[in-house]
Amino acid sequence: MSPSELLRSRIVDVLDFPTPGVVFKDISPLLADHDAFSAAVDAVVAHHVDHGVDKVVGIEARGFILAAPAAYRLGAGFVPVRKPGKLPGPTHETAYALEYGQNVLQVHRDAFSPGDRVLVVDDVLATGGTAAAAARLVQAAGAEVVGFSVLLELGFLSGSAALAAEHPGIPVHALLAY
Ligand code: AMP
């Protein structure tokens, strides 16, 4: 089995979760399988090892799981982008629209050194709103986003195009496309 076949075999579709009509991509079986989890982290690292990454941003919550080992392996720092009320220090925050209502994300204002090269990591790229918001926070904090990396991209939701519209020229790397 190729690495991508292994990853695909460990992602489970859960119908109507968390709300009716959504097909949730559950990565729990992948995370629980050492071979699959390490293949995923290795692939993120291999793709970005020569990109001069100073910090890896993980987006709460599943983004943390991939971003932290990738940061360790890349010799970079890890920075969490979190939901409101979780970070104790002064923050930048940004809101973005969901189908119903909105989400807010925050990052510590002092999370980056000026000019840090930052890789933004999450599990799933759907509409791209979450990743775009994380990139706004990185830029507001004075750093440069040099790439987006996701385990899987839901191509039919055009997240890559949405990211390119708001953050042109920043590459999106997806290990799997659906
Ligand atoms: P979006 O902002 O639309 O790109 O949504 C991406 C965020 O929502 C990521 O943090 C994902 O964890 C989560 N997400 C969206 N759609 C799904 C899905 N079908 N399965 C699992 N997670 C999802």
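In each ligand, atom 1 is the first atom listed, and ligand 1 is the first ligand listed. Keep in mind that this is a model prediction, so the values were computed, not measured.
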Would you mind checking which non-hydrogen protein atom is closest to [atom], with the distance to 0.1 Å?
{"atom": "atom 22 (N) of ligand 1", "value": "Arg62 NH2, 3.2 Å"}
{"atom": "atom 20 (N) of ligand 1", "value": "Lys25 N, 2.9 Å"}
{"atom": "atom 19 (N) of ligand 1", "value": "Val23 O, 2.9 Å"}
{"atom": "atom 3 (O) of ligand 1", "value": "Thr127 OG1, 2.6 Å"}
{"atom": "atom 15 (C) of ligand 1", "value": "Ala126 CB, 3.7 Å"}
{"atom": "atom 8 (O) of ligand 1", "value": "Thr130 OG1, 4.5 Å"}
{"atom": "atom 10 (O) of ligand 1", "value": "Asp122 OD2, 2.7 Å"}

**Item:** Candidate with minimal heavy-atom separation from atom 6 (C) of ligand 1, of Ile11, Val124, Asp13, Leu154
**Value:** Val124
**Prompt:** Of the choices Phe24, Phe17, Tyr96, which has the non-hydrogen atom that lies closest to atom 21 (C) of ligand 1?
**Reply:** Phe24
**Message:** Could you check whether any heavy atom of Gly159 sits closer than 4.0 Å to an atom of ligand 1, since that is the contact criterion I want to use?
**Reply:** no
**Asked** Does at least one non-hydrogen atom of Asp123 fall below 4.0 angstrom from an atom of ligand 1?
**Response** yes
**Request:** Please identify which atoms of ligand 1 are closer than 4.0 Å to at least one heavy atom of Gly128.
**Result:** 1 (P), 3 (O), 4 (O)
**Side chain proximity check, Arg136 to His167, heavy atoms < 4.5 angstrom** = yes
**Message:** Could you check whether atom OH of Tyr72 has more than 12 heavy atoms from other residues, nucleotides or ligands sitting under 6.0 Å from it?
**Reply:** no
**Message:** Check this for me: does any side-chain nitrogen of one of Lys25 and Asp13 sit under 4.0 Å from a carboxylate oxygen of the other?
**Reply:** yes
**Message:** Looking at Asp35 and Arg10, is there a salt bridge between them, counting it only when a charged N and a carboxylate O are closer than 4.0 Å?
**Reply:** no
**Asked** Phe64 ring centre to Arg82 NZ or CZ under 6.0 Å, with the angle to the axis within 45°?
**Response** no
**Fill in**
Across all chains, not counting sequence neighbours, the salt bridge (Lys or Arg N to Asp or Glu O under 4.0 Å) partners of Asp110 are none
**Message:** Rounded to the nearest 0.5 Å, what separates atom CD1 in Ile11 from atom CG in Asp26?
**Reply:** 9.5 Å
**Prompt:** Would a distance-only check, ignoring hydrogens and angles, find a side-chain to backbone donor-acceptor pair under 3.5 Å from Glu166 to Leu163?
**Reply:** no
